[in-house]
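Everything below concerns the one structure shown next.
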Number of protein chains: 2
Amino acid sequence: MPHRTLIAQQLARFFSVLSHPVRIRIIAELRNSELCVNSLQEILGISHSGVSQHLATLRAHRLIKEHRRGRNVFYRLCSPEMVTWLVDGITFITPDNSDEERLRTAAAMAKEQWSDPIDDRLLFEYEALNK
Amino acid sequence: MPHRTLIAQQLARFFSVLSHPVRIRIIAELRNSELCVNSLQEILGISHSGVSQHLATLRAHRLIKEHRRGRNVFYRLCSPEMVTWLVDGITFITPDNSDEERLRTAAAMAKEQWSDPIDDRLLFEYEALNK
DNA sequence: TTGAGATATGCAGATATTTGCAAATATAAT
DNA sequence: ATTATATTTGCAAATATCTGCATATCTCAA
């Protein structure tokens with residue numbers, strides 16, 4: 001298989017993982033801290049099973065890593081830089097049927113909120129754990 | 001609806017448009033030239049109907065624009081910069097079941113091939129047509 | 001045993017693929 | 001010019017496949 005085809009397939013797989021609002025929210029929430037299923041459930045306001053299933057998808061595609069502490073399982077991003085790239089993608093969304101003006105301001109606010117700096121100690125931990 | 005939710009939804013929609021290998025190939029092929037259905041059909045090696053339907057999806061979400069010249073309809077990207085961003089995304093794909101080494105070299109080659117510079121005259125045309 | 005989380009099942013809705021046809025436009029012949 | 005023909009593109013219906021969600025069940029550690 002030519003490499004263009006291979007990469008197009010893998011990219012498509014990757015995008016399909018990102019093509020759900022809850023998974024995007026999860027990635028954004030994990031941008032600068034690690035969280036357990038319970039915290040995510042409260043933040044997102046969906047069932048614990050739902051959170052768990054979306055985490056399973058993210059885990060299966062190696063976007064997140066887990067580690068147990070006490071009786072909780074905490075999740076972190078494999079590549080925290082992904083959030084920067086993801087926020088850049090907001091540039092390309094276009095209004096479908098929703099109010100164009102509202103979308104613009106929402107985009108600006110989301111970019112700001114999801115762009116706050118990654119905690120240094122956390123970054124250190126990431127590096128330690130990723131090798 | 002809180003703006004985070006709105007943006008997450010719109011981003012998810014956007015990603016779902018990108019979550020098909022043929023549409024990714026089309027976007028990549030349109031990076032520095034405009035093409036008609038026939039050319040795309042030859043390049044991609046799929047049925048003309050298939051090309052047409054994927055173009056319809058891209059058009060419906062305003063990723064491409066069309067204009068007729070002679071007997072052909074030519075398609076161009078609304079935001080050529082999107083290809084740069086898309087190529088950056090290759091960084092985050094991880095091998096699933098396929099050979100890891102092969103994926104790495106394929107990624108490098110695709111990044112190179114899909115990163116060749118945009119023709120200046122074309123960029124000028126884009127700017128003229130996009131206002 | 002209790003609490004946190006993962007997994008299995010089944011259903012509903014969405015999405016892709018194929019096939020065939022319709023509409024529009026160009027080309028050529030008369 | 002008019003008619004016939006071929007090309008290009010869009011569209012629709014049928015089928016198959018994928019995805020998400022809810023409920024229930026299961027595992028593991030404290």
Check: protein-nucleotides 26-28 of chain C nitrogen or oxygen pairs below 3.5 Å:
unit_1 : atom_1 : unit_2 : atom_2 : d
C:dA26 : OP1    : B:G70  : O      : 3.2
C:dT27 : OP1    : B:R71  : NH2    : 3.4

Checklist entry - Are any of A:S52's side-chain N or O atoms less than 4.0 Å away from OP1 or OP2 of C:dA6? => result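 Indeed, a polar side-chain atom of A:S52 lies that close.
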
Heavy-atom closest pair, residues [X] and [Y]:
X      : Y      : result
B:R31  : B:W114 : CD-O, 3.4 Å
A:A110 : B:H3   : N-CD2, 4.2 Å
B:L103 : B:T94  : CD2-C, 3.8 Å
B:K111 : B:V87  : CG-CG1, 3.8 Å

Checklist entry - Should the ring pair B:H20 and B:H54 be called parallel, tilted or perpendicular, given that the plane angle runs from 0 to 90° and is split at 30 and 60? => result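 Rings of B:H20 and B:H54: tilted, as their planes differ by 30° to 60°.
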
Rounded to whole Å, how long is the line connecting atom [atom1] of [X] with atom [atom2] of [N]?
X     : N      : atom1 : atom2 : answer
A:H67 : C:dG5  : NE2   : C1'   : 15 Å
B:E66 : C:dT25 : CD    : P     : 13 Å
A:F15 : C:dA16 : CZ    : P     : 15 Å
B:N38 : C:dT25 : CG    : C1'   : 14 Å
A:H20 : C:dA14 : NE2   : P     : 12 Å
A:I26 : C:dG5  : CD1   : P     : 13 Å
B:Q9  : C:dA14 : CD    : P     : 14 Å

Next on the checklist: If I take atom OG1 from residue B:T5 and atom CD1 from residue A:I24, how far apart are they, to the nearest 0.5 angstrom?
Outcome noted: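 The distance works out to 11.5 Å.
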
Checklist entry - If you round to the nearest 0.5 Å, how far is CZ of A:R59 from CD of A:Q53? => result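 Answer rounded to 0.5 Å: 11.0 Å.
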
Checklist entry - Are B:F14 and B:W85 near enough that their ring centres are under 6.0 Å apart? => result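 Aromatic pair counts; centres sit under 6.0 Å.
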
Item to check | 5' to 3' contact window, DNA chain D with chain B (heavy-atom distance under 4.0 Å) | outcome: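 First and last nucleotides in contact are D:dT7 to D:dA12.
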
Next on the checklist: Considering every strand and a 4.0 Å limit on heavy-atom distances, what is the contact class for B:F74: base, sugar-phosphate, or nothing?
Outcome noted: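 No contact.
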
Next on the checklist: What contact category does B:H48 fall into here, base, sugar-phosphate, or nothing, at under 4.0 angstrom with non-hydrogen atoms?
Outcome noted: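 The answer is base, as B:H48 lies within the cut-off (heavy atoms under 4.0 Å) of a base atom.
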
Checklist entry - Are the charged groups of A:E34 and A:R69 less than 4.0 angstrom apart, N to O? => result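 Answer for the salt bridge query: yes.
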
Next on the checklist: For A:G50 and B:Q53, find the nucleotide of DNA chain D closest to each by heavy atoms; which residue's nucleotide sits nearer the 5' end?
Outcome noted: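 Its nearest nucleotide lies further toward 5', so the answer is B:Q53.
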
Item to check | Pairwise 5' ranking along DNA chain C for B:S47 and B:S16, keeping only the more 5' one | outcome: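 Counting from the 5' end, the first nearest nucleotide belongs to B:S16.
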
